[in-house]
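In this text the structure is predicted, and so the values were computed from the model without any measurement. Side chains are part of it too, since the values below use all heavy atoms of this structure and drop only hydrogens, waters and symmetry mates. For reference, positions follow the sequence shown, starting with 1.
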Amino acid sequence: MRHSSSRHSVALLALCAVCALLMLASCSPRDRVKAEPLDANLNLAAAPFTQAEDNSDLIYGVVPPKSELISDETLGYLDGVLASRLAQTPSGGSYPGSEATESCALSTVPQPRGTRGRALDYWSRVGQCAGVKYLLVPVVSYWSEREGGELGSPKPASIVIDFFVVDVNEVSVIDTYRYEEQQVSLAENLLTVDKFVKRGGKFLTARQLAAEGITYSLNKLGL
């Protein structure tokens, strides 16, 4: 059956619009409705950054395969970025960073790998040791460093960071957010033009992506 060329054009335009929306959803950091700002007087502190070796290191979720190993220096850098952001939040709150919980994280012994609820139990006990009601747990689930330079990269940086807000007394998660991004060139995805221009047309390192991701994720958590 023949269709008029005008009907074909309308169908093609509709198909293009759907494809554009699907590309936007797949290439942008996972999003959701922004959380309401949390109470500025909330008894909350951040745990030290860790890197998940397998799924048991996450309170829940899946660790992507083939992640690169992060140095202790990089974990310390991420702790510093998070602490700086928590020290003065948009809602007027000020929360301690990992300096308030690091000693408890080192002294608390986790249950054996494979134990059900291992990560939630461990972080709840860390928070109880630190004397806070809520513990913000940041975990790097995937890390791949940029190859090449800032003006051209055959393999851009890619990261996945999970954030969990734990009620340490109830041993439960009250909120969570996963930030994931692999930077792509403008030619590969025109839908990222605003972000690409904002970054000066440069390919960022994994650290730089993570710093952006920390701020973005805390906004989504209302912190």
Side-chain angles (χ1 to χ4, degrees), residues 27-32 34-35 37-38 44-52 57-58 61 63-64 66-102 105 135-165 175-186 188-189 191-223:
C27 296
S28 300
R30 199 179 74 178
D31 207 348
R32 64 172 186 177
K34 186 181 184 302
L38 295 178
L44 176 146
F49 260 93
T50 59
Q51 182 175 19
D57 290 327
L58 292 178
V63 176
K66 299 181 180 180
S67 174
E68 298 174 9
L69 186 65
I70 305 176
S71 67
D72 290 341
E73 180 187 2
T74 296
L75 290 174
Y77 166 80
L78 297 178
D79 284 336
V81 173
L82 181 58
S84 177
R85 173 59 176 73
L86 286 174
Q88 185 62 54
T89 70
S91 61
S94 180
Y95 309 105
S98 62
E99 71 279 357
T101 60
E102 184 174 15
L135 186 67
L136 175 64
V137 180
V139 184
V140 176
S141 297
Y142 181 81
W143 190 273
S144 180
E145 190 51 82
R146 177 193 71 191
E147 293 181 1
E150 61 181 18
L151 298 182
S153 174
K155 178 177 167 290
S158 179
I159 61 167
V160 178
I161 303 178
D162 286 289
F163 295 85
F164 304 94
V165 181
D175 209 351
T176 181
Y177 188 76
R178 166 169 277 198
Y179 182 90
E180 49 190 321
E181 181 177 3
Q182 178 177 10
Q183 190 176 11
V184 296
S185 69
L186 185 58
E188 291 178 282
N189 187 0
L191 296 173
T192 61
V193 60
D194 290 344
K195 182 178 289 187
F196 196 79
V197 170
K198 183 179 179 181
R199 291 168 172 169
K202 299 177 180 179
F203 287 93
L204 304 186
T205 64
R207 279 192 180 194
Q208 291 170 322
L209 278 185
E212 286 190 3
I214 288 171
T215 295
Y216 187 91
S217 300
L218 293 184
N219 287 339
K220 291 300 177 181
L221 291 169
L223 290 168

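In this structure, A206 and A157 approach most closely via the heavy-atom pair N-CB, 3.6 Å. Between A47 and L135, the shortest heavy-atom contact is N-CD1, 3.8 Å. When all heavy atoms are compared, the tightest approach of A46 to L82 is CB-CD2, 3.8 Å. The two residues L78 and A210 come nearest to each other via the heavy atoms CD2-CB, 3.6 Å.
Under a 3.5 Å cut-off, the side chain of S94 and the backbone N or O of A87 do form a donor-acceptor pair.
Counting heavy atoms from C-beta on, the side chains of L218 and L136 come closer than 4.5 Å. Between R178 and V160 the shortest side-chain heavy-atom distance falls below 4.5 Å. The shortest distance between side-chain heavy atoms of S141 and L58 falls below 4.5 Å. When side chains are defined from C-beta on, P96 does not count as touching L86, because their heavy atoms never get closer than 4.5 Å. Contact check for W143 versus R207: side-chain heavy atoms found under the 4.5 Å cut-off. Between P90 and N219, some side-chain heavy-atom pair lies under the 4.5 Å cut-off. By the 4.5 Å heavy-atom criterion applied to side chains, F49 and I214 are counted as neighbours. Here the side chains of E212 and L204 are in contact, with some heavy-atom distance below 4.5 Å.
Shown here are the side chain to side chain donor-acceptor pair (under 3.5 Å) partners of S67, two or more places apart in sequence or in another chain: Q51. Evaluation of the side chain to side chain donor-acceptor pair (under 3.5 Å) rule for D57 yields R113, R118 as partners, not counting sequence neighbours. Taking F164 as the reference, Y60 meet the ring pair (Phe, Tyr, Trp, His ring centres under 6.0 Å) condition, with sequence neighbours excluded.
The OG atom of S217 lies 10.5 Å from the CG atom of L223; values are rounded to the nearest 0.5 Å. If you take OG1 on T176 and NZ on K220, they are separated by 14.0 Å, rounding to the nearest 0.5 Å. Separation of atoms CD (E180) and CG (L209) is listed at 12.5 Å; rounding is to 0.5 Å. If you take CG on L221 and OH on Y179, they are separated by 13.5 Å, rounding to the nearest 0.5 Å. The distance from the OG atom of S158 to the CD atom of E145 is 10.5 Å, given to the nearest 0.5 Å.
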